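Since the structure comes first, as structure tokens, the remarks are kept for the end.
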Number of protein chains: 2
Amino acid sequence: MTLSEEDYIKAIYHLGKGENSTVSTNAVAYQMETKPSSVTDMIKKLSDKGVVNYRPYKGVSLTEYGQKIALSQVRKHRLWEVFLLEKLDFSWDEVHDVAEQLEHIKSEKLIDQLDKHLGFPEVDPHGDPIPSKKGELKKTIKKLLNEVPIGASGICVGVKDSSPPFLKFLDRNNIALGDTILVLEKEEFDGSLYIRIKESKIHISDQIASNLYLKITE
Amino acid sequence: MTLSEEDYIKAIYHLGKGENSTVSTNAVAYQMETKPSSVTDMIKKLSDKGVVNYRPYKGVSLTEYGQKIALSQVRKHRLWEVFLLEKLDFSWDEVHDVAEQLEHIKSEKLIDQLDKHLGFPEVDPHGDPIPSKKGELKKTIKKLLNEVPIGASGICVGVKDSSPPFLKFLDRNNIALGDTILVLEKEEFDGSLYIRIKESKIHISDQIASNLYLKITE
DNA sequence: ACAAATATTTAGTTTTGTCTAAAATTATTT
DNA sequence: AAATAATTTTAGACAAAACTAAATATTTGT
């Protein structure tokens, strides 16, 4: 696969939401920041190679082979993201562009060893699961922290309320995007939670918990 | 710079032995595993961009700008080599191809942070110096171990005698390519040496020392 | 010094991935 | 159910990087 082919495959994969839904030419063009006519050209090539199912005017979907390639691509991307954030102290916004380049490096050993170097992570810093070498992908769901069952853990991926006071609270309590949160116990009286975050145990109100999104691996 | 341009620049740099000697079209073609006519095409392009000095039929050399690019390329290549060998447990022969790909990733921060992650190494696993961010390059020389002055250290890069008995000796004494050797003391009587290698101190005969090449940073 | 050998360049194609403009198909609206 | 709008495809071009074959320079051997 060429660099460009790999990018198209990943775009089709993501637009199909990981499921194998059919994707429109226009959608791919928009995602790839290119023209629909270029997309048609490339899709034909991918179709000839057995990577996508294509019926003119009806859209594309990945074949099983195509999905395998997409998942391997996603695996590489997410492992590199973990590497950049954990080992090279990149920040969230700096990671994507570089991972986009790194994911095209061709070496099976490189990815296997990188995986090992990182301690075989299961999710990337956005809480999205990392496909296994064989292409198995765990499902994740996004839940408000107050709906997360006791004993479960997830990664903090967003806020419902983005008002300055709330963000200030998070900052003061050292809660940031990407942090892993484990729900320890729930206070029946007021619905407040005891959680563990970065080795420390804290107590937060239901009001806080109902404004924080976690991503949970099932 | 495109991927291909960067490869040509590096080839011209290496053929010019790091010095700015003029290089023939044929030599570049051979190095790049391509045809001389392709080289002429590319050289013209690089000349237009101010990367090389080119006079038809007379060969090419890098401009100052071209040399800067080449050194930055070499820096990236060698840092990635260190990473692959030290962090990902690659072996010598597996490193090159992958580093060749990695060196094309475009991100200044990536290289700076990688450098830091590796502890700012001064030489790569072959004993070759890693250019600084500003493009400064230390000189190295290859010497037989018995000619290395006391107190100096270098990296084991080759053998003069490659007979099985000698290689077996090295193996038994846990001396391998890439190891750093420090010369501690010389026995006047027989020229034998006390050296430090991988935290241990050993004693080797002059005969051994005169068959091992070290690369030394001046 | 000049013919033969070698090295280099030019001219004309090819492939990959892109583009624009025009044609064809599908969807939407009244 | 037409007419119009939107989407998608086709046709033809272009740039980058390579190639082959032919032409041109340079070097070498005698």
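Computed from a predicted model, the values in this text were never measured in an experiment. Numbered from 1 within each chain, the chains take letters A, B, ... in sequence-line order.
A:Tyr8 has its ring centre no less than 6.0 Å from the ring centre of A:Tyr13.
At the heavy-atom level, A:Tyr8 lies under 4.0 Å from the strands shown only through sugar-phosphate atoms. B:Ser38 comes within contact range of at least one nucleobase, with a heavy-atom separation under 4.0 Å.
The heavy-atom pair separating A:Leu114 from A:Leu79 by the smallest distance is CD2-CB, 4.0 Å. Closest heavy-atom contact between B:His117 and A:Phe83: NE2-CE1, 4.2 Å. Considering all non-hydrogen atoms of both residues, A:Val183 and A:Pro149 come closest at CB-O, 4.0 Å.
Between the CE atom of B:Met42 and the P atom of D:dC19 there is a distance of 11 Å, given to the nearest Å. In this structure, the NZ atom of B:Lys35 is 5 Å from the P atom of D:dT20, given to the nearest Å. To the nearest angstrom, C1' of D:dA16 lies 9 Å from CD of B:Glu5. D:dA16 atom P lies 13 Å from atom CE of B:Met1, rounded to whole Å.
The salt bridge (Lys or Arg N to Asp or Glu O under 4.0 Å) pairs that include a residue from residues 61-78 of chain A are A:Arg75-A:Asp115, A:Arg78-A:Asp124, where partners are two or more places apart or lie in different chains.
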For nucleotides 5-10 of chain D, give me one character per nucleotide, 5' to 3': B if any protein heavy atom sits under 4.0 Å from the base, S if the only such contacts are to the sugar-phosphate, - if neither. --SBBB
A:Ile155 and A:Ile181: CA distance, side-chain angles, deciding distance, side-chain contact (heavy atoms from CB on, under 4.5 Å) verdict: CA-CA 6 Å; A:Ile155 287 178; A:Ile181 292 176; over 6 Å; no
